[in-house]
S.K.: 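Sharing a structure here in structure tokens format.
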Amino acid sequence: MSHESSRREFLGTLAAFSLFPLEQEKPELILHNGHVVTMNPAEPVAEAVAIARGRFFAIGKNADVLNLASPGVRKMDLGGKTVLPGFIDAHSHPAAAGLSHLRMVDCDLRSVSAIQVALRERAAKTPAGEWVLGFKYDDTKTEDGRPLSISDLDAAVQDHPVHIEHRGGHTVYANSLAFRKAGIDEQTPDPPGGKIDHDPATGNLSGRVAESAQAFFEKVIPSNFTRDDHREGVKLISKMLAKTGITSATEAQGTPTDLRAYQDARDSGDLLYRAYCFINYRYIDSMIEAGVHTGLGDEWVRVGAMKLVCDGSISERTARLSVPYEGRPNDYGILVMTEEELYTYGRKAHLAGWQIGTHANGDVGIDTTLRVYERLQRENPRHDPRFRLEHCTVINDGLIARIKALGAIPTPFSTYVYYHGEKMRYYGAERLDHMFALRSFLDAGIRATQASDYPPGEFIPMMALQSEVTRTDTKGNVWGPKQKISVEEAIRVGTINGAYASYEENLKGSIEAGKLADLVVLGRDPLKVDPSTLVTIPVERTMAAGRWTFES
Ligand SMILES: [Zn+2]
């Protein structure tokens with residue numbers, strides 16, 4: 001067989017052949033001598049891939065793919081390293097997190113005093129009276145065993161208002177000056193769907209407010225970010241994500257400003273991951289009026305679902321549950337929007353061709369959200385609406401059956417068991433068997449995704465694999481072992497399922513001819529290592545659209 005005919009024959013077997021006219025059947029780059037785990041059931045493992053114009057051109061054995069090399073093609077020997085499709089983080093807040101990293105004090109520290117030191121340092125560099133802002137504070141990760149108090153914050157900083165976001169994003173902590181600026185005192189009533197905490201002994205403000213009460217502060221904190229800042233934020237977080245093997249992420253609480261930041265970052269060459277940008281329901285009217293709906297954009301920046309929020313958070317124990325939190329007999333969590341509000345916004349978006357993604361953590365939150373989705377589909381059936389249940393944490397058999405019947409997509413937290421193990425005791429062992437329930441979802445044929453919810457959760461895909469496969473936290477505690485899945489299943493969840501959640505399963509999520517050339521090269525094979533060491537697997541390189549976005 002001549003060189004040319006074997007080349008033709010090999011190309012003839014490729015599904016994507018028709019994508020590339022004959023005169024353009026020239027790859028620009030060939031990666032060979034690898035262990036390529038494709039997530040394509042028709043060809044699960046390969047040795048080499050050829051890439052042309054940002055897409056996979058051919059996948060196969062070394063000899064076949066190398067045979068496609070024409071003069072000038074770049075070749076890279078992978079030295080037997082494992083290659084996976086690029087990871088897809090189906091629920092995260094990267095643009096917002098990038099901005100926070102640019103401007104705020106990172107309060108992911110292990111003691112109240114360490115946080116005080118960091119705030120004092122920032123205050124010293126900040127003109128008096130201006131806000132000192134913090135983020136990623138986590139009350140369960142400080143050695144003090146108690147949350148930050150208003151007096152801790154007053155002791156740290158007095159002549160600047162201080163505002164610190166909890167890592168979960170549903171509560172904030174502030175000093176006295178900040179409360180004064182926000183117009184909150186001891187007598188201020190809780191707003192609907194929110195809570196201003198008081199010291200139970202004295203009735204004084206505790207320093208913490210929850211859910212919709214955060215709006216008091218949002219009104220007075222100047223949002224003085226420039227258009228360039230937003231672009232810089234995307235640039236900064238792009239590098240952080242690429243380093244861990246992420247090539248796509250959903251902006252789960254996006255705004256028109258985020259959408260612009262993504263476009264700006266792409267234009268300046270700084271966008272290193274593909275963004276599926278949700279639009280918060282508050283902006284939906286103007287988006288619909290402009291004729292926009294889910295799917296507008298291209299493979300780098302795409303308009304995602306409309307975002308609704310049904311209940312509170314898991315990490316801050318405000319998710320709405322049918323059975324109260326362990327040791328807190330009257331605490332069932334919070335419903336943030338009413339069922340009628342969810343329906344009203346949902347209907348508008350559903351009729352205008354939007355996918356809907358509703359934050360629903362607790363079993364009551366999920367039940368409420370499903371009822372809204374079921375009603376929308378009953379009243380106005382739409383083909384393939386792919387309703388999303390953002391987080392979908394605490395489930396039961398009845399909810400699973402309804403999710404399956406609707407074809408809805410849950411995006412459970414991928415790294416929580418491993419990273420937030422200390423919070424799991426609030427839910428109790430029995431409930432943990434029904435939380436982040438990937439085993440139940442996959443067994444029911446539901447296409448659940450990998451989702452970090454960064455900043456609340458860590459976004460490292462290798463940590464997600466370890467968390468999902470071992471259900472074990474950093475201290476060795478096992479939480480909900482019935483929900484363990486295999487490494488291969490976890491990879492599928494983090495790649496092709498993520499693509500499905502954004503209607504892009506024909507475009508990415510597996511290494512197949514014709515799909516976008518997004519991949520990650522790992523230092524060790526996750527299918528061969530001890531699962532309790534998955535998190536230590538180094539990411540050597542990440543590629544998006546045939547370009548290295550990270551090289552170690
Ligand atoms: Zn989120």
Side-chain angles (χ1 to χ4, degrees), residues 89 91-109 115 118-119 121-123 125-127 130-138 160-174 178 214-215 217-244 246 248-280 282-283 300-304 307 309 313 359 451-460 549:
D89 189 339
H91 181 119
S92 178
H93 303 273
L99 265 188
S100 300
H101 278 287
L102 272 185
R103 283 285 181 85
M104 294 188 184
V105 178
D106 187 339
C107 294
D108 185 16
L109 299 166
I115 294 169
L119 294 172
E121 271 171 18
R122 181 61 60 98
K125 293 184 230 154
T126 307
E130 282 186 20
W131 289 79
V132 170
L133 305 172
F135 81 127
K136 281 173 81 179
Y137 164 63
D138 188 334
H160 301 75
V162 174
H163 178 273
I164 298 175
E165 296 168 11
H166 192 282
R167 185 153 192 174
H170 295 253
T171 55
V172 300
Y173 295 73
Q214 297 176 89
F217 294 103
E218 283 157 19
K219 272 182 229 145
V220 292
I221 296 175
S223 53
N224 52 355
F225 290 112
T226 64
R227 183 168 176 174
D228 262 358
D229 291 336
H230 285 278
R231 185 185 45 74
E232 282 293 319
V234 171
K235 178 180 177 180
L236 179 60
I237 199 79
S238 274
K239 290 185 184 149
M240 292 169 71
L241 298 186
K243 224 176 157 170
T244 69
I246 292 172
S248 294
T250 289
E251 184 70 38
Q253 190 63 283
T255 64
T257 306
D258 293 327
L259 199 53
R260 189 186 65 191
Y262 278 120
Q263 286 190 280
D264 286 351
R266 181 190 45 196
D267 293 349
S268 60
D270 295 316
L271 181 60
L272 303 181
Y273 61 94
R274 306 178 189 281
Y276 190 57
C277 191
F278 276 21
I279 298 294
N280 182 278
R282 291 189 185 91
Y283 305 95
W300 280 103
V301 183
R302 197 182 297 283
V303 173
K307 175 72 176 290
V309 180
S313 95
H359 171 116
S452 69
D453 204 30
Y454 187 74
E458 286 297 315
F459 55 73
I460 304 161
T549 54

S.K.: Partners of Arg266 by side-chain contact (heavy atoms from CB on, under 4.5 Å), sequence neighbours excluded?
M.R.: Gln263, Leu271, Asp298, Trp300, Val301
S.K.: Would you check if the distance from the ring center of His170 to the ring center of His359 is below 6.0 Å?
M.R.: yes
S.K.: Find the distance between OG (Ser100) and NE2 (His93) and round it off to the nearest 0.5 Å.
M.R.: 11.0 Å
S.K.: Quiz question: by atom type and distance under 3.5 Å, do the side chains of Thr226 and Asp228 form a donor-acceptor pair?
M.R.: no
S.K.: Using ring-ring contact (aromatic ring centres under 6.0 Å, His included) as the criterion, list what pairs up with Tyr137, not counting sequence neighbours.
M.R.: His166, Tyr173
S.K.: When you compare the side chain of Leu133 with that of Val105, does any pair of heavy atoms fall below 4.5 Å?
M.R.: no
S.K.: Hey, is Asp229 close enough to Arg103 for a salt bridge, meaning N to O under 4.0 Å?
M.R.: yes
S.K.: Is the closest side-chain heavy-atom distance between Ser248 and Tyr273 below 4.5 Å?
M.R.: no
S.K.: Between the side chains of Asp264 and His230, does any donor sit under 3.5 Å from an acceptor?
M.R.: no
S.K.: Only counting residues at least two apart or in another chain, list the ones meeting ring-ring contact (aromatic ring centres under 6.0 Å, His included) with Tyr283.
M.R.: none
S.K.: Does the side chain of Phe217 reach to within under 4.5 Å of the side chain of Trp131, using non-hydrogen atoms?
M.R.: yes
S.K.: Using the side-chain contact (heavy atoms from CB on, under 4.5 Å) definition, which of the options Leu119, Val132, Thr171 pairs with Ile164?
M.R.: Leu119
S.K.: Please determine whether a side-chain nitrogen of the Lys or Arg among Glu130 and Arg122 lies less than 4.0 Å from a carboxylate oxygen of the Asp or Glu.
M.R.: no
S.K.: Among Thr255, Asp258, Thr250, find the one that has a side-chain contact (heavy atoms from CB on, under 4.5 Å) with Cys277.
M.R.: Asp258
S.K.: Indicate yes or no for a side-chain donor-acceptor contact from Thr244 to the backbone of Ile460 under 3.5 Å, with no hydrogens or angles considered.
M.R.: no
